[in-house]
Amino acid sequence: KYPDNSTKVTYPNGEEKSVYADGTVVTLDQTGQRLILLPNGQREVHTSAFKRREYPDGTSKTVFNDGRQETIHSNGRIRKKDPKGNLTSDLVIDATGKVVHDYLAKSRI
């Protein structure tokens, strides 16, 4: 236990778990994947290939190591950006996986 009331535990298998005074919980597994659970219900996953933030409403934003970004909204909208931040794809997908709207084409499919 640390003076700020945070704790860190290292398990025999190499996994680490830290709990901070604000309620944030960070776990690091043997593969190097880090999972951060925030008090507001958001989660972050850090791997060697990407970082992803997941929101309580089901939306997730992923930033890949090469700079590409992908945001998946809970309503089925998927937005993708290239490493320079240019929008490359902006679609709405229904529950069956069918594209129902392409915002870049500005027309219904």
Side-chain angles (χ1 to χ4, degrees):
K1 198 164 199 163
Y2 296 97
D4 65 356
N5 288 326
S6 63
T7 59
K8 182 176 181 177
V9 178
T10 303
Y11 297 96
N13 65 2
E15 184 175 308
E16 295 178 4
K17 182 176 182 178
S18 300
V19 180
Y20 296 92
D22 69 354
T24 300
V25 178
V26 179
T27 57
L28 179 65
D29 69 17
Q30 306 94 320
T31 67
Q33 179 172 305
R34 185 178 309 271
L35 174 63
I36 303 167
L37 304 174
L38 301 167
N40 62 4
Q42 296 178 10
R43 296 169 28 114
E44 281 193 17
V45 178
H46 297 189
T47 72
S48 59
F50 64 83
K51 292 181 182 178
R52 175 182 297 132
R53 180 165 285 208
E54 300 167 353
Y55 298 88
D57 72 353
T59 298
S60 68
K61 180 171 183 175
T62 304
V63 179
F64 298 93
N65 288 349
D66 64 2
R68 291 177 298 123
Q69 298 177 35
E70 178 181 81
T71 304
I72 301 174
H73 297 273
S74 55
N75 67 357
R77 187 172 186 176
I78 301 172
R79 295 172 52 96
K80 295 181 181 181
K81 295 182 180 180
D82 67 18
K84 294 181 179 179
N86 300 310
L87 191 61
T88 60
S89 177
D90 191 356
L91 306 171
V92 176
I93 309 292
D94 69 13
T96 66
K98 180 181 174 188
V99 175
V100 294
H101 193 82
D102 183 340
Y103 283 96
L104 293 183
K106 294 187 170 65
S107 65
R108 289 212 175 265
I109 295 176

**Message:** For Asp102, is there any backbone N or O sitting under 3.5 Å from a side-chain donor or acceptor partner on Asp90?
**Reply:** no
**Prompt:** Please, which pairs that meet salt bridge (charged side-chain N to carboxylate O under 4.0 Å, His left out) have at least one residue in residues 21-37, sequence neighbours excluded?
**Reply:** none
**Prompt:** Nearest 0.5 Å, what's the CD-NZ distance between Gln42 and Lys61?
**Reply:** 12.5 Å
**Request:** Taking all heavy atoms of Thr59 and all of His73, pick out the closest pair and write down the distance.
**Result:** OG1-CA, 3.7 Å
**Asked** Heavy atoms, side chains only, cut-off 4.5 Å: are Pro39 and Thr24 in contact?
**Response** yes
**Message:** Looking at Asp82 and Arg68, is there a salt bridge between them, counting it only when a charged N and a carboxylate O are closer than 4.0 Å?
**Reply:** no
**Request:** Check the pair Gln69, Lys80 against side-chain hydrogen bond (donor to acceptor under 3.5 Å, both in side chains), reporting the backbone distance first and the verdict last.
**Result:** CA-CA 6 Å; Gln69 298 177 35; Lys80 295 181 181 181; over 6 Å; no
**Prompt:** Can Arg77 be said to sit on top of Tyr103's aromatic six-ring, NZ or CZ under 6.0 Å from centre and within 45° of the ring axis?
**Reply:** yes
**Item:** Test item: Glu16 and Val9 side chains (from C-beta on) under 4.5 Å apart, heavy atoms
**Value:** no
**Prompt:** When you look at CZ of Phe50, are more than 12 heavy atoms from neighbouring residues, nucleotides or ligands closer to it than 6.0 Å?
**Reply:** yes
**Message:** For Glu44, give me all partners under salt bridge (charged side-chain N to carboxylate O under 4.0 Å, His left out), at least two apart in sequence or on another chain.
**Reply:** Arg53
**Item:** Distance, nearest 0.5 Å, that separates CG of Leu35 from CD of Glu54
**Value:** 8.0 Å
**Fill in**
Between the OG1 atom in Thr47 and the CZ atom in Phe64, the distance rounded to the nearest 0.5 Å is 9.0 Å
**Item:** Spacing of CG belonging to Asn75 relative to CD1 belonging to Ile72, to within rounding of 0.5 Å
**Value:** 11.5 Å
**Message:** Measuring only between side-chain heavy atoms, which start at C-beta, is Ile36 closer than 4.5 Å to Val25?
**Reply:** no
**Straight-line distance of Ser18 OG to Leu28 CG, nearest 0.5 Å** = 8.5 Å
**Request:** Would you please name every residue forming a side chain to side chain donor-acceptor pair (under 3.5 Å) with Glu70, sequence neighbours left out?
**Result:** none
**Complete:** Here the gap from Lys98 atom NZ to Leu91 atom CG, rounded to the nearest 0.5 Å, amounts to 13.5 Å
**Asked** Just by distance, do the side chain of Ser6 and the backbone of Val19 share a donor-acceptor pair under 3.5 Å?
**Response** no
**Distance-minimising heavy-atom pair for Asn13 and Gln30** = O-CG, 3.0 Å
